[in-house]
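Encoded as C-alpha coordinates, the structure appears first; notes follow it.
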There are 2 protein chains.
Amino acid sequence: MQYRTIGEVSRDSGLTVRTLRHYDEIGLLTPSARSDAGYRLYSDDDIARLQQVRSLQSMGLSLAAIGSVLDRGLAVRDSLEQLLSATDEQIRRQSALRSRIAGVIALLDQHDAATSGAMLQLIEELAKVEKHYTKEQLDTLAERAADLGDAGMRAAETQWTDLIDRVRTARESGIDPASPQVRAMATEWQSLIDAFTGGDPGIRASLGQVWQQNDDVAGFNAAEIRDLAGYLHSADS
Amino acid sequence: MQYRTIGEVSRDSGLTVRTLRHYDEIGLLTPSARSDAGYRLYSDDDIARLQQVRSLQSMGLSLAAIGSVLDRGLAVRDSLEQLLSATDEQIRRQSALRSRIAGVIALLDQHDAATSGAMLQLIEELAKVEKHYTKEQLDTLAERAADLGDAGMRAAETQWTDLIDRVRTARESGIDPASPQVRAMATEWQSLIDAFTGGDPGIRASLGQVWQQNDDVAGFNAAEIRDLAGYLHSADS
DNA sequence: CTAAACCCTCACGCCACGTGAGGGTCAAGC
DNA sequence: GCTTGACCCTCACGTGGCGTGAGGGTTTAG
(Lines give C-alpha, C1' and ligand atoms only; values in the text may rest on other atoms or scores of the structure.)
Protein backbone atom coordinates (compact mmCIF):
# COMPACT_ATOMS: atom_id res chain seq x y z
CA MET A 1 0.00 0.00 0.00
CA GLN A 2 1.52 3.20 -1.20
CA TYR A 3 0.37 6.76 -0.89
CA ARG A 4 -0.17 9.22 -3.69
CA THR A 5 0.16 12.99 -3.48
CA ILE A 6 -2.64 15.30 -4.45
CA GLY A 7 -1.07 16.11 -7.79
CA GLU A 8 -0.83 12.46 -8.79
CA VAL A 9 -4.41 11.82 -7.77
CA SER A 10 -5.41 14.89 -9.72
CA ARG A 11 -3.73 13.64 -12.88
CA ASP A 12 -5.18 10.16 -12.51
CA SER A 13 -8.70 11.27 -11.76
CA GLY A 14 -8.98 14.32 -13.95
CA LEU A 15 -10.17 16.39 -11.02
CA THR A 16 -8.33 19.59 -10.19
CA VAL A 17 -6.12 19.88 -7.16
CA ARG A 18 -8.45 22.55 -5.84
CA THR A 19 -11.39 20.18 -6.12
CA LEU A 20 -9.63 17.50 -4.10
CA ARG A 21 -8.73 20.05 -1.46
CA HIS A 22 -12.35 21.16 -1.45
CA TYR A 23 -13.51 17.60 -0.81
CA ASP A 24 -11.08 17.51 2.09
CA GLU A 25 -12.35 20.84 3.42
CA ILE A 26 -15.95 19.70 3.54
CA GLY A 27 -15.00 16.30 4.90
CA LEU A 28 -16.17 14.38 1.87
CA LEU A 29 -12.81 12.82 1.13
CA THR A 30 -10.14 13.27 3.76
CA PRO A 31 -6.82 11.68 2.78
CA SER A 32 -5.91 9.09 5.36
CA ALA A 33 -2.43 10.43 5.93
CA ARG A 34 -0.24 13.50 5.79
CA SER A 35 3.51 13.71 5.20
CA ASP A 36 5.77 15.44 7.71
CA ALA A 37 5.57 18.55 5.59
CA GLY A 38 1.78 18.44 5.69
CA TYR A 39 1.29 17.05 2.19
CA ARG A 40 -1.99 15.19 1.69
CA LEU A 41 -1.36 11.48 1.11
CA TYR A 42 -4.08 9.40 -0.53
CA SER A 43 -4.29 5.65 0.07
CA ASP A 44 -5.85 3.10 -2.26
CA ASP A 45 -8.97 3.17 -0.14
CA ASP A 46 -9.14 6.92 -0.55
CA ILE A 47 -8.95 6.46 -4.31
CA ALA A 48 -11.74 3.90 -4.19
CA ARG A 49 -13.89 6.32 -2.26
CA LEU A 50 -13.08 8.99 -4.81
CA GLN A 51 -14.40 6.72 -7.55
CA GLN A 52 -17.63 6.31 -5.66
CA VAL A 53 -17.92 10.03 -5.18
CA ARG A 54 -17.37 10.60 -8.87
CA SER A 55 -19.94 8.10 -10.04
CA LEU A 56 -22.55 9.44 -7.66
CA GLN A 57 -21.70 12.98 -8.63
CA SER A 58 -21.97 12.21 -12.31
CA MET A 59 -25.61 11.54 -11.66
CA GLY A 60 -26.12 14.97 -10.27
CA LEU A 61 -26.14 14.26 -6.56
CA SER A 62 -24.92 17.16 -4.46
CA LEU A 63 -21.70 16.70 -2.52
CA ALA A 64 -23.69 16.84 0.71
CA ALA A 65 -25.99 14.09 -0.53
CA ILE A 66 -23.02 11.98 -1.58
CA GLY A 67 -21.55 12.38 1.86
CA SER A 68 -24.79 11.23 3.45
CA VAL A 69 -25.00 8.23 1.20
CA LEU A 70 -21.40 7.16 1.73
CA ASP A 71 -21.08 7.89 5.43
CA ARG A 72 -24.47 7.49 6.93
CA GLY A 73 -25.60 4.74 4.59
CA LEU A 74 -28.60 6.69 3.40
CA ALA A 75 -30.67 4.99 0.79
CA VAL A 76 -29.16 5.56 -2.63
CA ARG A 77 -32.41 4.59 -4.22
CA ASP A 78 -34.39 7.24 -2.41
CA SER A 79 -31.85 9.92 -3.24
CA LEU A 80 -31.91 8.90 -6.87
CA GLU A 81 -35.68 8.80 -7.10
CA GLN A 82 -35.91 12.22 -5.60
CA LEU A 83 -33.33 13.35 -8.10
CA LEU A 84 -35.25 11.74 -10.91
CA SER A 85 -38.40 13.71 -10.26
CA ALA A 86 -36.36 16.86 -9.79
CA THR A 87 -34.77 16.23 -13.16
CA ASP A 88 -38.15 15.64 -14.74
CA GLU A 89 -39.36 18.91 -13.38
CA GLN A 90 -36.26 20.64 -14.72
CA ILE A 91 -36.82 19.17 -18.17
CA ARG A 92 -40.43 20.29 -18.15
CA ARG A 93 -39.47 23.80 -17.22
CA GLN A 94 -36.63 23.98 -19.70
CA SER A 95 -38.85 22.72 -22.49
CA ALA A 96 -41.52 25.28 -21.72
CA LEU A 97 -38.81 27.89 -21.62
CA ARG A 98 -37.50 26.78 -24.97
CA SER A 99 -40.89 27.25 -26.55
CA ARG A 100 -41.22 30.67 -25.05
CA ILE A 101 -37.84 31.80 -26.27
CA ALA A 102 -38.46 30.45 -29.75
CA GLY A 103 -41.82 32.20 -29.78
CA VAL A 104 -40.37 35.50 -28.72
CA ILE A 105 -37.64 35.27 -31.32
CA ALA A 106 -40.27 34.69 -33.97
CA LEU A 107 -42.19 37.65 -32.64
CA LEU A 108 -39.13 39.83 -32.90
CA ASP A 109 -38.58 38.64 -36.47
CA GLN A 110 -42.11 39.49 -37.46
CA HIS A 111 -41.86 43.02 -36.21
CA ASP A 112 -38.42 43.31 -37.71
CA ALA A 113 -37.26 45.82 -35.14
CA ALA A 114 -33.87 46.97 -36.24
CA THR A 115 -33.81 50.30 -34.48
CA SER A 116 -33.13 50.30 -30.80
CA GLY A 117 -35.96 52.77 -30.37
CA ALA A 118 -38.54 50.32 -31.57
CA MET A 119 -36.92 47.61 -29.53
CA LEU A 120 -37.83 49.10 -26.20
CA GLN A 121 -41.43 49.25 -27.30
CA LEU A 122 -41.25 45.63 -28.28
CA ILE A 123 -39.86 44.64 -24.95
CA GLU A 124 -42.73 46.39 -23.29
CA GLU A 125 -45.21 44.60 -25.50
CA LEU A 126 -43.42 41.46 -24.63
CA ALA A 127 -44.11 42.11 -21.00
CA LYS A 128 -47.77 42.56 -21.73
CA VAL A 129 -47.99 39.33 -23.67
CA GLU A 130 -46.17 37.48 -20.94
CA LYS A 131 -48.47 38.95 -18.36
CA HIS A 132 -51.47 37.73 -20.27
CA TYR A 133 -50.09 34.26 -20.47
CA THR A 134 -49.68 33.85 -16.75
CA LYS A 135 -52.91 35.58 -15.84
CA GLU A 136 -55.00 33.70 -18.27
CA GLN A 137 -53.93 30.33 -17.08
CA LEU A 138 -56.59 31.01 -14.50
CA ASP A 139 -59.25 32.07 -16.95
CA THR A 140 -61.42 30.26 -19.45
CA LEU A 141 -60.53 29.38 -22.98
CA ALA A 142 -63.00 31.81 -24.51
CA GLU A 143 -61.71 34.80 -22.61
CA ARG A 144 -58.20 33.79 -23.45
CA ALA A 145 -58.85 33.71 -27.16
CA ALA A 146 -60.32 37.17 -27.01
CA ASP A 147 -57.62 38.67 -24.83
CA LEU A 148 -54.53 37.16 -26.34
CA GLY A 149 -54.54 39.39 -29.32
CA ASP A 150 -52.78 38.98 -32.59
CA ALA A 151 -49.17 39.00 -31.45
CA GLY A 152 -49.66 36.45 -28.71
CA MET A 153 -51.56 34.07 -30.92
CA ARG A 154 -48.97 34.26 -33.60
CA ALA A 155 -46.24 33.63 -31.04
CA ALA A 156 -47.95 30.52 -29.75
CA GLU A 157 -48.51 29.38 -33.30
CA THR A 158 -44.85 29.70 -34.06
CA GLN A 159 -43.99 27.61 -31.04
CA TRP A 160 -46.24 24.88 -32.32
CA THR A 161 -44.96 24.95 -35.89
CA ASP A 162 -41.45 24.84 -34.55
CA LEU A 163 -42.10 21.85 -32.32
CA ILE A 164 -44.12 20.04 -34.97
CA ASP A 165 -41.26 20.44 -37.41
CA ARG A 166 -38.83 18.88 -35.01
CA VAL A 167 -41.12 15.98 -34.16
CA ARG A 168 -41.76 15.29 -37.83
CA THR A 169 -38.06 15.28 -38.53
CA ALA A 170 -37.40 12.90 -35.67
CA ARG A 171 -40.17 10.64 -36.83
CA GLU A 172 -38.98 10.55 -40.39
CA SER A 173 -35.44 9.85 -39.22
CA GLY A 174 -36.78 6.78 -37.49
CA ILE A 175 -35.57 7.88 -34.07
CA ASP A 176 -36.83 5.68 -31.25
CA PRO A 177 -39.70 7.43 -29.49
CA ALA A 178 -38.19 6.23 -26.23
CA SER A 179 -34.96 8.15 -26.88
CA PRO A 180 -34.19 11.14 -24.66
CA GLN A 181 -34.55 13.69 -27.43
CA VAL A 182 -37.98 12.48 -28.39
CA ARG A 183 -39.03 12.16 -24.77
CA ALA A 184 -38.01 15.78 -24.33
CA MET A 185 -40.18 16.74 -27.26
CA ALA A 186 -43.07 14.82 -25.74
CA THR A 187 -42.64 16.81 -22.57
CA GLU A 188 -42.52 20.03 -24.55
CA TRP A 189 -45.63 18.99 -26.44
CA GLN A 190 -47.46 18.37 -23.22
CA SER A 191 -46.38 21.67 -21.71
CA LEU A 192 -47.57 23.57 -24.76
CA ILE A 193 -50.95 21.91 -24.42
CA ASP A 194 -50.95 22.72 -20.73
CA ALA A 195 -50.11 26.35 -21.44
CA PHE A 196 -53.10 26.51 -23.71
CA THR A 197 -55.59 24.65 -21.53
CA GLY A 198 -54.34 26.19 -18.31
CA GLY A 199 -54.21 22.68 -16.90
CA ASP A 200 -57.97 22.36 -16.91
CA PRO A 201 -58.80 18.72 -17.73
CA GLY A 202 -62.22 19.67 -19.10
CA ILE A 203 -60.73 22.09 -21.56
CA ARG A 204 -58.11 19.57 -22.50
CA ALA A 205 -60.77 16.95 -23.21
CA SER A 206 -62.79 19.23 -25.46
CA LEU A 207 -59.60 20.30 -27.20
CA GLY A 208 -58.92 16.65 -27.89
CA GLN A 209 -62.35 16.28 -29.44
CA VAL A 210 -61.72 19.24 -31.66
CA TRP A 211 -58.58 17.60 -33.03
CA GLN A 212 -60.32 14.24 -33.39
CA GLN A 213 -63.29 15.52 -35.31
CA ASN A 214 -61.78 17.94 -37.75
CA ASP A 215 -59.43 17.68 -40.68
CA ASP A 216 -58.05 21.14 -40.42
CA VAL A 217 -57.61 23.09 -37.21
CA ALA A 218 -56.32 26.65 -37.40
CA GLY A 219 -54.37 25.81 -40.53
CA PHE A 220 -52.79 22.62 -39.19
CA ASN A 221 -53.33 19.23 -40.75
CA ALA A 222 -55.20 17.41 -37.99
CA ALA A 223 -54.44 13.95 -39.30
CA GLU A 224 -50.72 14.60 -39.19
CA ILE A 225 -50.96 16.05 -35.71
CA ARG A 226 -52.83 12.99 -34.48
CA ASP A 227 -50.20 10.87 -36.13
CA LEU A 228 -47.29 12.70 -34.49
CA ALA A 229 -49.05 12.70 -31.14
CA GLY A 230 -49.42 8.94 -31.45
CA TYR A 231 -45.72 8.66 -32.20
CA LEU A 232 -44.82 10.68 -29.12
CA HIS A 233 -47.37 8.80 -27.06
CA SER A 234 -46.16 5.36 -28.12
CA ALA A 235 -43.35 5.29 -25.56
CA ASP A 236 -45.28 6.79 -22.68
CA SER A 237 -45.50 3.73 -20.49
CA MET B 1 -46.71 61.12 -11.65
CA GLN B 2 -46.63 59.58 -8.24
CA TYR B 3 -43.87 57.66 -6.56
CA ARG B 4 -44.23 54.29 -4.94
CA THR B 5 -42.24 52.94 -2.04
CA ILE B 6 -40.37 49.68 -2.28
CA GLY B 7 -43.03 47.80 -0.32
CA GLU B 8 -45.77 48.88 -2.70
CA VAL B 9 -43.75 47.92 -5.74
CA SER B 10 -43.01 44.62 -4.08
CA ARG B 11 -46.69 43.88 -3.54
CA ASP B 12 -47.61 44.93 -7.06
CA SER B 13 -44.88 43.00 -8.77
CA GLY B 14 -44.67 39.93 -6.59
CA LEU B 15 -40.94 40.41 -6.20
CA THR B 16 -39.51 40.57 -2.71
CA VAL B 17 -38.23 43.78 -1.19
CA ARG B 18 -34.81 42.24 -1.03
CA THR B 19 -34.89 41.50 -4.74
CA LEU B 20 -35.71 45.11 -5.59
CA ARG B 21 -32.92 46.32 -3.36
CA HIS B 22 -30.63 43.84 -5.08
CA TYR B 23 -31.52 45.26 -8.48
CA ASP B 24 -30.65 48.66 -7.09
CA GLU B 25 -27.37 47.38 -5.69
CA ILE B 26 -26.19 46.04 -9.00
CA GLY B 27 -27.47 49.05 -10.89
CA LEU B 28 -30.08 47.14 -12.86
CA LEU B 29 -33.01 49.18 -11.58
CA THR B 30 -32.16 52.29 -9.60
CA PRO B 31 -35.24 54.15 -8.37
CA SER B 32 -35.23 57.63 -9.80
CA ALA B 33 -35.76 59.35 -6.46
CA ARG B 34 -35.24 59.03 -2.74
CA SER B 35 -37.29 60.57 0.06
CA ASP B 36 -35.69 62.80 2.68
CA ALA B 37 -35.38 59.79 4.91
CA GLY B 38 -33.62 57.88 2.19
CA TYR B 39 -36.58 55.73 1.15
CA ARG B 40 -36.41 54.42 -2.40
CA LEU B 41 -39.10 56.03 -4.59
CA TYR B 42 -40.09 54.33 -7.82
CA SER B 43 -41.58 56.34 -10.68
CA ASP B 44 -43.84 55.01 -13.42
CA ASP B 45 -40.85 54.76 -15.71
CA ASP B 46 -39.06 52.69 -13.10
CA ILE B 47 -42.05 50.36 -13.00
CA ALA B 48 -42.00 50.06 -16.77
CA ARG B 49 -38.35 49.17 -16.68
CA LEU B 50 -39.10 46.61 -14.02
CA GLN B 51 -41.62 44.99 -16.34
CA GLN B 52 -38.97 44.78 -19.03
CA VAL B 53 -36.56 43.24 -16.59
CA ARG B 54 -39.11 40.67 -15.53
CA SER B 55 -40.08 39.62 -19.01
CA LEU B 56 -36.48 39.24 -20.04
CA GLN B 57 -35.67 37.41 -16.86
CA SER B 58 -38.59 35.04 -17.31
CA MET B 59 -36.81 33.84 -20.40
CA GLY B 60 -33.76 32.93 -18.45
CA LEU B 61 -31.49 35.86 -19.26
CA SER B 62 -29.05 36.68 -16.48
CA LEU B 63 -29.40 39.99 -14.71
CA ALA B 64 -26.11 41.11 -16.25
CA ALA B 65 -27.37 40.24 -19.73
CA ILE B 66 -30.62 42.09 -19.09
CA GLY B 67 -28.64 45.13 -18.05
CA SER B 68 -26.64 44.99 -21.27
CA VAL B 69 -29.77 44.70 -23.36
CA LEU B 70 -31.59 47.52 -21.63
CA ASP B 71 -28.72 49.95 -21.18
CA ARG B 72 -26.34 49.33 -24.00
CA GLY B 73 -28.96 48.35 -26.52
CA LEU B 74 -27.44 44.97 -27.19
CA ALA B 75 -29.33 42.81 -29.59
CA VAL B 76 -32.13 41.00 -27.82
CA ARG B 77 -32.40 38.58 -30.66
CA ASP B 78 -28.79 37.51 -30.41
CA SER B 79 -29.02 37.06 -26.66
CA LEU B 80 -32.14 35.00 -27.07
CA GLU B 81 -30.73 32.85 -29.82
CA GLN B 82 -27.66 32.15 -27.78
CA LEU B 83 -29.94 31.31 -24.89
CA LEU B 84 -32.01 29.07 -27.10
CA SER B 85 -29.12 26.85 -28.04
CA ALA B 86 -27.91 26.86 -24.46
CA THR B 87 -31.35 25.69 -23.40
CA ASP B 88 -31.36 22.99 -26.04
CA GLU B 89 -28.03 21.78 -24.77
CA GLN B 90 -29.34 21.75 -21.22
CA ILE B 91 -32.38 19.75 -22.25
CA ARG B 92 -30.21 17.23 -24.01
CA ARG B 93 -27.97 16.85 -20.99
CA GLN B 94 -30.83 16.63 -18.57
CA SER B 95 -32.56 14.04 -20.71
CA ALA B 96 -29.45 11.93 -20.89
CA LEU B 97 -29.03 12.30 -17.16
CA ARG B 98 -32.61 11.29 -16.60
CA SER B 99 -32.21 8.03 -18.45
CA ARG B 100 -28.96 7.33 -16.61
CA ILE B 101 -30.61 7.81 -13.26
CA ALA B 102 -33.59 5.72 -14.27
CA GLY B 103 -31.22 3.00 -15.47
CA VAL B 104 -29.31 2.97 -12.24
CA ILE B 105 -32.50 2.81 -10.21
CA ALA B 106 -33.56 -0.19 -12.24
CA LEU B 107 -30.17 -1.75 -11.59
CA LEU B 108 -30.55 -1.19 -7.89
CA ASP B 109 -33.97 -2.81 -7.98
CA GLN B 110 -32.64 -5.88 -9.74
CA HIS B 111 -29.93 -6.44 -7.21
CA ASP B 112 -32.28 -5.59 -4.38
CA ALA B 113 -29.44 -4.46 -2.16
CA ALA B 114 -30.87 -3.78 1.23
CA THR B 115 -27.74 -4.27 3.25
CA SER B 116 -25.29 -1.43 3.33
CA GLY B 117 -22.52 -3.90 2.74
CA ALA B 118 -23.77 -4.84 -0.68
CA MET B 119 -24.46 -1.22 -1.40
CA LEU B 120 -20.86 -0.17 -1.57
CA GLN B 121 -20.18 -2.91 -4.07
CA LEU B 122 -23.11 -1.68 -6.08
CA ILE B 123 -21.83 1.83 -6.10
CA GLU B 124 -18.58 0.54 -7.49
CA GLU B 125 -20.44 -1.41 -10.13
CA LEU B 126 -22.20 1.78 -10.85
CA ALA B 127 -18.98 3.16 -12.12
CA LYS B 128 -18.82 0.27 -14.59
CA VAL B 129 -22.31 0.87 -15.84
CA GLU B 130 -21.48 4.46 -16.45
CA LYS B 131 -20.25 5.02 -19.90
CA HIS B 132 -16.54 5.25 -19.77
CA TYR B 133 -16.43 7.96 -22.28
CA THR B 134 -18.56 11.02 -22.66
CA LYS B 135 -19.58 11.96 -26.15
CA GLU B 136 -17.05 14.73 -26.46
CA GLN B 137 -14.30 12.47 -25.31
CA LEU B 138 -15.35 9.91 -27.87
CA ASP B 139 -15.17 12.56 -30.53
CA THR B 140 -11.72 13.55 -29.40
CA LEU B 141 -10.63 9.95 -29.51
CA ALA B 142 -12.08 9.51 -32.96
CA GLU B 143 -10.25 12.55 -34.20
CA ARG B 144 -7.05 11.33 -32.72
CA ALA B 145 -7.51 7.92 -34.29
CA ALA B 146 -8.07 9.65 -37.61
CA ASP B 147 -4.98 11.75 -37.12
CA LEU B 148 -2.86 8.79 -36.22
CA GLY B 149 -4.22 6.78 -39.06
CA ASP B 150 -4.20 3.04 -39.33
CA ALA B 151 -0.49 2.72 -39.67
CA GLY B 152 0.13 4.97 -36.71
CA MET B 153 -2.23 2.97 -34.55
CA ARG B 154 -0.52 -0.26 -35.45
CA ALA B 155 2.85 1.29 -34.78
CA ALA B 156 1.68 2.38 -31.35
CA GLU B 157 0.43 -1.12 -30.69
CA THR B 158 3.80 -2.54 -31.55
CA GLN B 159 5.47 -0.07 -29.23
CA TRP B 160 3.15 -1.20 -26.48
CA THR B 161 3.73 -4.91 -26.96
CA ASP B 162 7.42 -4.23 -27.14
CA LEU B 163 7.47 -2.15 -23.98
CA ILE B 164 5.26 -4.60 -22.10
CA ASP B 165 7.64 -7.42 -22.98
CA ARG B 166 10.61 -5.50 -21.66
CA VAL B 167 8.84 -4.51 -18.44
CA ARG B 168 7.71 -8.08 -17.87
CA THR B 169 11.24 -9.34 -18.35
CA ALA B 170 12.63 -6.76 -15.95
CA ARG B 171 10.01 -7.62 -13.43
CA GLU B 172 10.65 -11.34 -13.63
CA SER B 173 14.37 -10.73 -13.31
CA GLY B 174 13.68 -8.98 -10.06
CA ILE B 175 15.26 -5.72 -11.15
CA ASP B 176 14.72 -2.86 -8.70
CA PRO B 177 11.96 -0.59 -10.04
CA ALA B 178 14.05 2.35 -8.89
CA SER B 179 16.87 1.39 -11.22
CA PRO B 180 17.59 3.67 -14.18
CA GLN B 181 16.57 1.10 -16.78
CA VAL B 182 13.18 0.58 -15.19
CA ARG B 183 12.71 4.29 -14.59
CA ALA B 184 13.31 4.81 -18.29
CA MET B 185 10.62 2.28 -19.04
CA ALA B 186 8.26 4.09 -16.69
CA THR B 187 8.86 7.31 -18.57
CA GLU B 188 8.30 5.54 -21.84
CA TRP B 189 5.11 4.02 -20.48
CA GLN B 190 3.83 7.42 -19.42
CA SER B 191 4.63 9.05 -22.72
CA LEU B 192 2.84 6.28 -24.61
CA ILE B 193 -0.23 6.89 -22.46
CA ASP B 194 0.06 10.61 -23.06
CA ALA B 195 0.29 10.02 -26.78
CA PHE B 196 -2.97 8.14 -26.60
CA THR B 197 -4.88 10.43 -24.28
CA GLY B 198 -3.52 13.60 -25.78
CA GLY B 199 -2.89 14.77 -22.24
CA ASP B 200 -6.60 15.03 -21.50
CA PRO B 201 -6.97 14.11 -17.84
CA GLY B 202 -10.60 13.13 -18.28
CA ILE B 203 -9.72 10.65 -21.00
CA ARG B 204 -6.85 9.39 -18.92
CA ALA B 205 -9.18 8.81 -15.97
CA SER B 206 -11.70 6.97 -18.13
CA LEU B 207 -8.91 4.93 -19.62
CA GLY B 208 -7.79 4.04 -16.13
CA GLN B 209 -11.27 2.88 -15.28
CA VAL B 210 -11.40 0.74 -18.39
CA TRP B 211 -8.22 -1.03 -17.34
CA GLN B 212 -9.41 -1.36 -13.79
CA GLN B 213 -12.72 -2.90 -14.58
CA ASN B 214 -12.12 -5.30 -17.39
CA ASP B 215 -10.18 -8.50 -17.77
CA ASP B 216 -9.31 -8.11 -21.40
CA VAL B 217 -8.74 -4.86 -23.20
CA ALA B 218 -7.98 -4.90 -26.91
CA GLY B 219 -6.36 -8.30 -26.59
CA PHE B 220 -4.20 -7.42 -23.62
CA ASN B 221 -4.44 -9.16 -20.29
CA ALA B 222 -5.67 -6.35 -18.06
CA ALA B 223 -4.62 -7.98 -14.81
CA GLU B 224 -1.04 -8.27 -16.02
CA ILE B 225 -1.02 -4.70 -17.26
CA ARG B 226 -2.28 -3.47 -13.90
CA ASP B 227 0.40 -5.54 -12.27
CA LEU B 228 3.18 -4.15 -14.44
CA ALA B 229 1.89 -0.61 -14.02
CA GLY B 230 1.98 -1.10 -10.27
CA TYR B 231 5.56 -2.36 -10.56
CA LEU B 232 6.60 0.70 -12.53
CA HIS B 233 4.65 2.96 -10.25
CA SER B 234 6.08 1.52 -7.06
CA ALA B 235 9.22 3.62 -7.30
CA ASP B 236 7.50 6.82 -8.29
CA SER B 237 7.74 8.64 -5.02
C1' DC C 1 -47.15 59.55 22.51
C1' DT C 2 -46.58 54.95 21.43
C1' DA C 3 -46.82 50.69 18.88
C1' DA C 4 -46.86 48.64 14.52
C1' DA C 5 -45.52 48.69 10.17
C1' DC C 6 -42.33 50.18 7.18
C1' DC C 7 -37.81 51.66 5.60
C1' DC C 8 -32.51 51.85 5.69
C1' DT C 9 -27.53 49.79 5.47
C1' DC C 10 -24.26 46.31 6.34
C1' DA C 11 -22.98 41.62 6.05
C1' DC C 12 -22.90 36.61 6.11
C1' DG C 13 -24.83 32.28 3.80
C1' DC C 14 -25.80 29.23 -0.16
C1' DC C 15 -22.97 25.64 -3.90
C1' DA C 16 -18.87 23.77 -6.01
C1' DC C 17 -15.31 25.11 -6.74
C1' DG C 18 -11.66 29.02 -9.65
C1' DT C 19 -8.10 32.01 -8.87
C1' DG C 20 -4.75 34.23 -6.96
C1' DA C 21 -1.40 35.67 -2.78
C1' DG C 22 2.19 34.46 0.02
C1' DG C 23 5.08 31.04 1.48
C1' DG C 24 7.16 26.15 2.64
C1' DT C 25 9.19 21.42 0.53
C1' DC C 26 11.76 18.46 -2.42
C1' DA C 27 14.70 16.52 -6.04
C1' DA C 28 18.06 17.67 -9.53
C1' DG C 29 21.93 20.02 -11.27
C1' DC C 30 25.84 23.48 -10.43
C1' DG D 1 25.73 24.50 -0.25
C1' DC D 2 22.86 27.05 -3.47
C1' DT D 3 19.61 27.78 -6.97
C1' DT D 4 15.87 26.44 -9.92
C1' DG D 5 11.49 24.74 -10.80
C1' DA D 6 7.90 21.80 -9.80
C1' DC D 7 5.45 20.64 -6.27
C1' DC D 8 2.73 21.39 -1.90
C1' DC D 9 0.41 24.21 1.95
C1' DT D 10 -3.15 27.64 4.04
C1' DC D 11 -5.96 31.61 3.82
C1' DA D 12 -9.39 34.23 1.51
C1' DC D 13 -12.16 36.49 -1.96
C1' DG D 14 -15.25 35.80 -6.21
C1' DT D 15 -19.12 33.62 -8.79
C1' DG D 16 -25.38 34.40 -9.15
C1' DG D 17 -29.49 35.77 -7.29
C1' DC D 18 -30.99 36.62 -3.88
C1' DG D 19 -32.60 34.84 1.71
C1' DT D 20 -32.09 36.02 6.27
C1' DG D 21 -31.04 38.20 10.00
C1' DA D 22 -28.83 42.38 13.02
C1' DG D 23 -29.25 46.87 14.44
C1' DG D 24 -31.36 51.03 13.84
C1' DG D 25 -34.20 55.19 11.84
C1' DT D 26 -39.19 56.86 9.82
C1' DT D 27 -44.00 57.16 9.19
C1' DT D 28 -48.74 56.62 10.44
C1' DA D 29 -52.90 55.08 12.87
C1' DG D 30 -54.98 55.14 17.30
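Basis for what follows: all heavy atoms, side chains included, without hydrogens, waters or symmetry-related copies. Numbered from 1 within each chain, the chains take letters A, B, ... in sequence-line order.
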| Nearest-Å distance for atom pair CD1/C1', residues Ile66(A) and dA16(C) | 11 Å
| remark: Picking from dT20(D), dC17(C), dC9(D), the nucleotide nearest the side-chain atoms of Ile6(A) would be dC9(D)
| Could one point to a donor on the side chain of Tyr39(A) or the base of dG24(C) with an acceptor on the other under 3.5 Å away? | yes
| message | Rounded to whole Å, please give me the gap between CG in Leu56(B) and P in dG17(D). | response | 13 Å
| request: Please work out if Glu25(B) contacts a base, only the sugar-phosphate, or nothing of the nucleic acid, heavy-atom cut-off 4.0 Å. | output: nothing
| said: Rounded to whole Å, please give me the gap between CG in Asp36(A) and P in dT25(C). | reply: 11 Å
| request: Check Arg49(B), Arg40(B), Arg18(B) against Asp24(B) for a salt bridge (charged side-chain N to carboxylate O under 4.0 Å, His left out) and give me the one that passes. | output: Arg40(B)
| query | Where do Ser79(B) and Leu61(B) come nearest, in terms of heavy atoms and distance? | reply | CB-CD2, 4.1 Å
| task | For Arg11(B) and for Arg40(B), locate the closest nucleotide of DNA chain C by heavy-atom distance; then report the residue assigned to the nucleotide nearer the 5' terminus. | result | Arg11(B)
| query | Between Gln57(A) and dC17(C), is there a side-chain N or O to OP1/OP2 distance below 4.0 Å? | reply | yes
| message | Using whole Å, what does the distance between atom P of nucleotide dC7(D) and atom CD of Glu8(A) come to? | response | 10 Å
| query | What do the steps show when you test Ser85(B) against Asp88(B) for side chain to side chain donor-acceptor pair (under 3.5 Å), and what is the final call? | reply | CA-CA 5 Å; Ser85(B) 56; Asp88(B) 280 344; over 6 Å; no
| message | Tell me whether the side-chain N/O atoms of Thr16(B) come closer than 4.0 Å to OP1 or OP2 in dG19(D). | response | yes
| Distance-only donor-acceptor test, Arg21(B) side-chain atoms vs dT9(C) base atoms, 3.5 Å | no
| field | Under-4.0 Å side-chain N/O to phosphate OP1/OP2 contact, Ser35(A) with dT25(C) | value | no
| Under 4.0 Å: is that the gap between some side-chain N or O of Arg34(B) and OP1 or OP2 of dT9(C)? | yes
| message | Taking 4.0 Å as the cut-off, does a side-chain nitrogen or oxygen of Tyr23(B) come that near to OP1 or OP2 on dG17(D)? | response | no
| Nearest nucleotide by nearest heavy atom, which residue falls closer to the 5' end of DNA chain C, Leu61(A) or Ala37(B)? | Ala37(B)
| field | Nearest-angstrom distance from the residue atom CZ of Arg18(A) to C1' of dC8(D) | value | 14 Å
| Between dG18(C), dC18(D), dA16(C), which nucleotide gets closest to the side-chain atoms of Ser62(A)? | dA16(C)
| query | To the nearest angstrom, how far is Asp24(A) atom CG from dC8(D) atom C1'? | reply | 13 Å
| query | Within this structure, what is the CZ-to-P distance between Arg4(B) and dC7(C), rounded to whole angstrom? | reply | 14 Å
| message | I need the Leu56(A) CG to Leu70(A) CG distance, nearest 0.5 Å. | response | 5.5 Å
| Is the distance from OP1 or OP2 of dC7(D) to the nearest side-chain N or O of Thr5(A) less than 4.0 Å? | no
| said: Is it true that, when you exclude Glu25(A) itself, more than 12 heavy atoms of the residues, nucleotides or ligands shown sit nearer than 6.0 Å to its CD? | reply: yes
| Distance in angstrom units between Leu20(B) CG and dG17(D) C1', rounded | 13 Å
